[in-house]
Enquirer: 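Below you'll find the structure I mean.
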Amino acid sequence: MSTTHSKVAVVVGGASGIGEATAEQLTRTGHQVVVADLTGDAVVDVTDEASVEALMAGVLDRHGRLDVVVNSAGTSTVGRIADLELAEWQRVVDVCLTGSFLVIKHAARVMEAGGSIVSVASLNARQPGAGMSPYCSAKAGLAMLTEVAALELGPRGIRVNAVSPGLVVTPLTAPAMDIPGIREDYLANTPLGRSGTPEEVAEAIGYLAAAEWLTGEVLDLNGGAHLQRYPDLLRHIEAAFG
Ligand SMILES: NC(=O)c1ccc[n+]([C@@H]2O[C@H](COP(=O)([O-])OP(=O)(O)OC[C@H]3O[C@@H](n4cnc5c(N)ncnc54)[C@H](O)[C@@H]3O)[C@@H](O)[C@H]2O)c1
């Protein structure tokens, strides 16, 4: 067991994009950071309960404490509801919603008072996007799950928050940026007129993780895009691919 007193953080989905930037941010602010992902040092699959349970138990065993858990694992798909295979719906909901439930559940079991859990929801938790039914539904569910978990865990001194980013160019979203019209429509939906960076989201996650009187918050971070309406991505995708 480690004798150090620095805070220990686990970033699930920490090998790429927003999670990777968050691992760097938490390291900069003095945390010992465990990066957990489908590949890498701490392997976890958020859709597998035994894997999530083993991750949290392993961190506690190795570091002696667990202060911060960030859940940035995510995936998406595109398809109209009438055409969408059940398996594709299930794949996205399993990672984005059920996976978040498992991460919160097993973090809560090992955390003590002062612990803090931050999930990455999305602008799509509040803005519907045509062709994105499983992702939007899962992220809306994650926003509510955050609030319920904050209610349940508050009396134990554990805080639960989420950040809801708008467009951030990462390996998840980069392929869509090559489809004509999509980036332009996103930016037209955004009063500040630009996408965000993984580092900007990481900074907000760092704040949510640290702010000791903040719980049950789902923080919109999107250049004001939540004030307008989500772009019609399907129109551009169907124009590009038929
Ligand atoms: N990029 C954006 O514009 C944007 C906007 C809003 C919300 N988000 C959310 O932010 C989070 C991070 O996304 P990103 O853009 O950094 O994408 P990313 O693809 O760069 O990172 C996602 C990470 O999650 C991991 N992951 C996927 N399935 C997993 C599983 N079953 N178990 C463990 N890890 C798994 C991937 O391996 C990857 O490293 C996601 O939840 C995403 O939905 C992203």
Side-chain angles (χ1 to χ4, degrees), residues 10-25 34-56 69-78 88 90-104 106-107 117-129 132 134-143 145-146 161-177 182-183 185-187 189-190 194-202 204-205 208 218-223 225-226 230-231 233:
V10 176
V11 183
V12 180
S16 175
I18 291 167
E20 185 179 9
T22 302
E24 287 163 10
Q25 166 79 16
V34 176
V35 172
D37 209 304
L38 290 170
T39 57
D41 290 342
V43 173
V44 70
D45 178 351
V46 297
T47 67
D48 174 359
E49 180 159 20
S51 161
V52 177
E53 185 173 18
L55 169 70
M56 301 303 172
V69 170
V70 176
N71 181 29
S72 192
T75 188
S76 193
T77 192
V78 175
E88 191 59 356
Q90 200 76 59
R91 185 183 68 79
V92 176
V93 172
D94 277 355
V95 174
C96 292
L97 181 57
T98 311
S100 300
F101 159 72
L102 292 173
V103 168
I104 294 171
H106 289 286
I117 301 168
V118 184
S119 298
V120 184
S122 169
L123 174 59
N124 293 120
R126 60 190 286 164
Q127 277 188 349
M132 299 174 71
Y135 186 80
C136 295
S137 304
K139 293 297 187 178
L142 174 54
L145 176 66
T146 300
N161 293 289
V163 64
S164 277
L167 177 63
V168 179
V169 180
T170 67
L172 185 70
T173 51
M177 296 301 107
I182 287 196
R183 184 192 291 266
D185 256 16
Y186 262 118
L187 299 186
N189 181 53
T190 306
R194 68 168 177 88
S195 55
T197 65
E199 290 72 25
E200 285 174 314
V201 181
I205 291 172
L208 292 170
V218 181
L219 179 70
D220 283 305
L221 184 71
N222 55 41
H226 65 288
Y230 205 70
L233 304 186

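In listed order, ligands and their atoms are each counted from 1.
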Enquirer: For ligand 1, does A121 get within less than 4.0 Å through its side chain, its backbone, both, or neither, judged by non-hydrogen atoms?
Expert: backbone
Enquirer: For ligand 1, which atoms, with element, lie under 4.0 Å from some heavy atom of V44?
Expert: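 Listed by number with element, the hits are 32 (N), 33 (C).
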Enquirer: Return the closest protein heavy atom for atom 27 (C) of ligand 1 as residue, atom name and distance.
Expert: G74 O, 3.6 Å
Enquirer: Report yes if L123 has an N/O atom closer than 3.5 Å to an N/O atom of ligand 1; otherwise report no.
Expert: no
Enquirer: Please could you name the atoms of ligand 1 that Y135 approaches to less than 4.0 Å, counting only its heavy atoms?
Expert: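 Taking each heavy atom of Y135 in turn, ligand 1 has 6 (C), 7 (C), 8 (N), 9 (C), 42 (C), 43 (O) under 4.0 Å.
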Enquirer: With a cut-off of 4.0 Å, which atoms of ligand 1 are near a heavy atom of V120?
Expert: 9 (C), 10 (O), 11 (C), 41 (O)
Enquirer: Quick one: do D45 and T47 satisfy side chain to side chain donor-acceptor pair (under 3.5 Å)? Show the steps, please.
Expert: CA-CA 5 Å; D45 178 351; T47 67; 2.7 Å; yes
Enquirer: Show the nearest heavy-atom pair for residues V120 and K139, with the distance to one decimal.
Expert: O-NZ, 2.9 Å
Enquirer: Report yes or no: does P171 have a heavy atom closer than 4.0 Å to ligand 1?
Expert: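 So P171 counts as touching ligand 1.
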Enquirer: Measuring from atom NE2 of H226 to atom OG1 of T190, what distance do you get when rounded to the nearest 0.5 angstrom?
Expert: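 Result: 11.0 Å between the selected atoms.
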Enquirer: Using atom types as modelled and distance alone, determine if a side-chain donor or acceptor of T173 lies under 3.5 Å from a backbone N or O of T170.
Expert: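 Yes, T173 side chain to T170 backbone: donor-acceptor pair under 3.5 Å.
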Enquirer: List every atom of ligand 1 that sits less than 4.0 Å from any heavy atom of V95, numbering the atoms from 1 in the order shown and giving each element.
Expert: 28 (N), 31 (N)
Enquirer: Are N189 and L123 packed together at the side-chain level, in the sense that at least one heavy-atom pair is separated by less than 4.5 angstrom?
Expert: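 Yes, their side chains come closer than 4.5 Å.
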Enquirer: How long is the gap from CG on L142 to OG on S164, to the nearest 0.5 Å?
Expert: 7.5 Å
Enquirer: Roughly how far apart are C96 SG and R91 CZ, rounded to 0.5 Å?
Expert: 8.5 Å
Enquirer: Quick one: does K139 get an N or O within less than 3.5 Å of an N or O on ligand 1?
Expert: yes
Enquirer: My understanding is that we take every heavy atom of each candidate and find the minimum distance to atom 19 (O) of ligand 1. Doing that for V52, L172, T98, which one comes out nearest?
Expert: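 Among V52, L172, T98, the closest heavy atom to atom 19 (O) of ligand 1 comes from L172.
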Enquirer: Taking only heavy atoms of I18, which atoms of ligand 1 are found under 4.0 Å from at least one of them?
Expert: 10 (O), 16 (O), 44 (C)
Enquirer: I need the atoms of ligand 1 closer than 4.0 Å to a non-hydrogen atom of G17, numbered in the order shown.
Expert: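 Once the distances to G17 are compared, the set is 16 (O), 20 (O).
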Enquirer: Going from CZ on R183 to CE on M177, what distance comes out if it is rounded to the nearest 0.5 angstrom?
Expert: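 CE of M177 is found 6.0 Å from CZ of R183.
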Enquirer: Can an N or O of T75 be found at a distance shorter than 3.5 Å from an N or O of ligand 1?
Expert: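 It does not: no N or O of T75 is found under 3.5 Å from an N or O of ligand 1.
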Enquirer: How far is atom 23 (C) of ligand 1 from its nearest protein heavy atom, and which residue and atom name does that atom have?
Expert: G13 O, 3.8 Å
Enquirer: Do side-chain atoms of Q127 reach the backbone of A225 as a donor and acceptor pair under 3.5 angstrom?
Expert: yes
Enquirer: Tell me the protein heavy atom at minimum distance from atom 5 (C) of ligand 1, and give that distance in Å.
Expert: G166 O, 3.2 Å
Enquirer: Show me which atoms of ligand 1 lie under 4.0 Å from any heavy atom of D45.
Expert: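 Selected atoms, number and element: 30 (C), 31 (N), 32 (N).
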Enquirer: Distance to 0.1 Å, residue and atom name: give those for the protein heavy atom nearest to atom 6 (C) of ligand 1.
Expert: P165 O, 3.2 Å
Enquirer: For atom 37 (O) of ligand 1, state which one of L38, L142, D37, N71 supplies the nearest heavy atom.
Expert: D37
Enquirer: Checking the N or O distance criterion of under 3.5 Å, is ligand 1 in contact with A15?
Expert: no
Enquirer: Is there a side-chain contact between V103 and M56 (heavy atoms, below 4.5 Å)?
Expert: yes
Enquirer: Once you round to the nearest 0.5 Å, how far does CG of L233 lie from CE of M132?
Expert: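 Between atom CG of L233 and atom CE of M132 there are 6.0 Å.
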Enquirer: Between T173 and ligand 1, find which residue part has any heavy-atom pair under 4.0 Å and reply side chain, backbone, both or neither.
Expert: side chain
Enquirer: Could you verify whether a donor N or O on one side chain and an acceptor N or O on the other, from S100 and N71, lie under 3.5 Å apart?
Expert: yes
Enquirer: Considering P198, A162, S72, S16, which one's heavy-atom position lies nearest to atom 11 (C) of ligand 1?
Expert: S72
Enquirer: Would a 4.5 Å heavy-atom cut-off, applied to side chains only, mark R126 and V218 as touching?
Expert: no
Enquirer: Any N/O of A73 closer than 3.5 Å to an N/O of ligand 1?
Expert: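 Right, the criterion is met.
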Enquirer: Please confirm whether the backbone N or O of P231 pairs with a side-chain atom of D185, one donor and one acceptor, at under 3.5 Å?
Expert: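 It does not hold such a pair.
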Enquirer: Need the ligand 1 atom indices (1-based, order shown) with element for anything under 4.0 Å from a heavy-atom of L167.
Expert: 3 (O)
Enquirer: Is the closest N or O pair between T170 and ligand 1 shorter than 3.5 Å?
Expert: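 Between T170 and ligand 1 (N or O atoms, distance only) the closest approach is under 3.5 Å.
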Enquirer: How far is atom 2 (C) of ligand 1 from its nearest protein heavy atom, and which residue and atom name does that atom have?
Expert: V168 O, 3.4 Å
Enquirer: Would you name the heavy atoms of G129 and Y230 that are closest together and state the gap between them?
Expert: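 Closest pair (atom of G129, atom of Y230, distance): CA-CD2, 3.6 Å.
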Enquirer: Is there any N or O on V46 that sits under 3.5 Å from an N or O of ligand 1?
Expert: yes
